[in-house]
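Take a look at the structure set out below.
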Amino acid sequence: MEQFIAVLIDGIIYSAWLFVAAIGLTLIYGVMKIVNVAHGSFYALGAYAAASITGALLAHGMPPYLSYAVLLGSALLVTVIVAPLIERGILRFMYAKDEVVILLITYALFLIFEDVIKLIWGVNPYFVAEPYGLLGSFDIGDLTYPYYNLILVGVAIVCGAGLYWMLKHTRTGKLLVAVIHDTEVSRAMGINVDRLYLITFTFGSLLAAIGGAYTAPTISVVPGLGVEVIVLSFAVVVIGGLGSLPGAALGAVIVGLVRSATVHYLPEAELFVIYLVMAMVLAFRPRGLFSIAEARKI
Amino acid sequence: MKRDRTPQTLVLILAAILAVGPFAPQWTVFLLTVALAKGLVVLGLMILLRCGLVSFGQALYYCIGAYAAGMLGRLFQVSGVFTLMLAGMVAAGVAGFVFGFLLARYRSIFFGLLSLAISMILYGLLVKTEALGSSDGFNLLPSTLAGIRPADAWVRYMVLAVAAAVAFVAALLVHRYLKTPLGRLAPAIKDNEIRVEYMGASARHAIHVKYVIAAALAGLGGALAATTVGHIDPEMAYWTTSGEFIFITILAGTGNVIAPFLGALIFGIIQTVAFDISPNTWQMVLGSSLLVVILFLPNGLWSLFTRRKAS
């Protein structure tokens, strides 16, 4: 029983992390039809920015409780600079190309980012553990969990609900839904699709950076951080259905629970079970669990 | 129509490699052999790319080939280069045949993602298999040829010569295959699959055949890489390895069977030189060259040759 509760809690925490990391990927795919390999780079950028900025401010005597806001601020700062640069500077010239070619372009960007990060922050690890330890921890049975994990879950809920609210209830959101359904018609109706692409890419990348920023206190921030995040978030969004918001949530919960269950009951299967689920979903529902049938074009 | 000089060019390249090999410094021999191994994998990817399919999981077969060769040495003390390569090719080919039933139904991004998932399953399995060295992998036996183990100075040349001969045969066979009706179907499948079926051809069957060929070539390349490097680990199945192969495929272009090997060699040179000059920016150099190629040479480096001929 104890172990079952542990599986459940670990699963929820891991799902929250996966959801934040993957939700931007699904948004960008939904609107722009780009499978963005560079998504993991924004995760890493967020983590690095958060670790270095928060660390520096704490060293200069910032009240530790402010660090939670600084984490968010660092993610925001780095994305607002980098994402528009990438979208306006490179990606917008590529939209006419094939989906697979754009995937390769983002792969090239990912390779470039890997080294840009090393050039800016060096190869030594960064630690910023204060926000993690600050809140103390709580006990469930014999198990101890830091309160910080609740912040991760909170961030996931706020990101998911916020994005959902934005799509359903704001003007930009409704325009985005129109673009998701049909880019050409939206353009013909006078929607400024280029502007929406810029907003989507920045916002989607911001979500990845937030994921990285709030993970930074729990890990040591080292080069190569984004590499695993990419495949994991691919797994999450593919299971749920590329471009689907509820799908990403479901995918995150499935992957999160499956992984924490295997970690506790069958540690040897930890890694491969995620990709097994991904392959099974693709095999039986190629477009993911939440997907709309698409007409075959002649 | 222009005369096809590919077979003659291949013979010349093979002769040049065999002649220069004994005098070349050891590191260039190593570089060349690895390029041939990767070129074999990319040759397979090229066949798939000609019908518009990008496999983001070709590392699966590369890794299967390498581990098949490694296991053969570990369990049965086999160290003959040809036997190991044959084992790698057959193991990967069989796996490709089985997975092909599933993957031949997939197109575009979903083909890539499913092949990625399958290769990551193998990675996840290998990382946790302690009997095979987990994430450290294990070393191979020193290679022999026809039961003879050559002097240390000649081992690398021997592997290079075998690699060159095998790559020569593979390139020649693929070159012929591309001219068969099944081979010529590839651009048609890329352009419009439904019309292909109206003509009475089965796109799924054609893709399945191509998929098995590509898998067998990747297994061959994996076994060759394993014997060259002398060490294998699960990283060979990781998605970044697949990414590297795709990278070379795009860099090389699909114009000719020589292109993959040329691409692999150029990739090896960029990697070595860039890593030598500045170890922290070599990925940046690779990424930028990929961007430049996609932007300015959408048909790969090989289009430089054909463009000159046309003018």
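- Contacts between Leu114(B) and chain A at a heavy-atom distance below 4.5 Å involve backbone atoms as well as side-chain atoms.
- Minimum heavy-atom separation, Ile109(B) to Leu242(A): CG2-CD1, 4.3 Å.
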Please walk me through it: do Phe272(A) and Leu126(B) pass side chain to side chain contact (heavy atoms under 4.5 Å, CB included)? CA-CA 9 Å; Phe272(A) 97 98; Leu126(B) 287 177; over 6 Å; no

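- For the atom pair CG (Leu286(B)) and CD1 (Ile112(A)), the distance works out to 10.0 Å, reported to the nearest 0.5 Å.
- Ranked by heavy-atom pairs under 4.5 Å with chain A, the first of Ile121(B), Leu102(B), Leu290(B) is Ile121(B).
- In this structure, CG in Leu104(A) is found 12.0 Å from CG in Leu251(B), a value given to the nearest 0.5 Å.
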Please tabulate, for side-chain N and O atoms in residues 91-98 of chain A, each donor-acceptor pair with protein atoms closer than 3.5 Å (sequence neighbours left out).
unit_1: Arg92(A); atom_1: NE; unit_2: Arg88(A); atom_2: O; d: 2.7
unit_1: Tyr95(A); atom_1: OH; unit_2: Glu87(A); atom_2: OE2; d: 2.4

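- When each of Gly52(B), Ser115(B), Ala117(B), Ser288(B) is scored by its heavy-atom pairs under 4.5 Å with chain A, the top score falls to Ala117(B).
- Separation of atoms CE (Met120(B)) and CG (Leu232(A)) is listed at 7.5 Å; rounding is to 0.5 Å.
- Chosen from Leu111(A), Val100(A), Leu103(A), Val101(A), the residue pairing most often with chain B at heavy-atom distances under 4.5 Å is Leu111(A).
- At a 4.5 Å heavy-atom cutoff, Ala235(A) makes no contact with chain B through either its backbone or its side chain.
- Using a 4.5 Å cut-off between heavy atoms, Val273(A) makes no contact with chain B at all.
- Under the 3.5 Å distance criterion, the side-chain polar atoms of Trp282(B) are left unmatched by any main-chain donor or acceptor of Asp115(A).
- In this structure, Leu119(A) and Met284(B) approach most closely via the heavy-atom pair CD1-CE, 3.9 Å.
- Ring geometry, Phe56(B) versus Tyr107(A): the interplanar angle exceeds 60°, so the pair is classed perpendicular (tilted spans 30 to 60°).
- With chain A as partner, the option from Leu116(B), Leu122(B), Val127(B) having the largest number of non-hydrogen pairs under 4.5 angstrom is Leu116(B).
- Among Leu276(A), Val231(A), Ile105(A), the residue making the largest number of heavy-atom pairs under 4.5 Å with chain B is Val231(A).
- Within the 4.5 angstrom heavy-atom criterion, no atom of Phe113(A) approaches chain B.
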Verdict with reasoning, Leu109(A) to Leu291(B), per side chain to side chain contact (heavy atoms under 4.5 Å, CB included): CA-CA 8 Å; Leu109(A) 290 174; Leu291(B) 274 186; 4.3 Å; yes

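- Tyr106(B) contributes a side-chain N or O that, together with a main-chain N or O of Leu282(A), makes up a donor-acceptor pair within less than 3.5 Å.
- The shortest distance between side-chain heavy atoms of Glu228(A) and Tyr238(B) falls below 4.5 Å.
- Distance check, rounded to the nearest 0.5 Å: OH of Tyr123(B) to OH of Tyr275(A) gives 8.5 Å.
- Dense packing is recorded around NZ of Lys118(A), with more than 12 heavy atoms of other residues, nucleotides or ligands lying under 6.0 Å away.
- Using a 4.5 Å cut-off between heavy atoms, Thr240(B) contacts chain A through both its backbone and its side chain.
- In this structure, chain B has heavy atoms under 4.5 Å from both the backbone and the side chain of Val116(A).
- Using a 4.5 Å cut-off between heavy atoms, Pro267(A) touches chain B through its backbone atoms (N, CA, C, O) alone.
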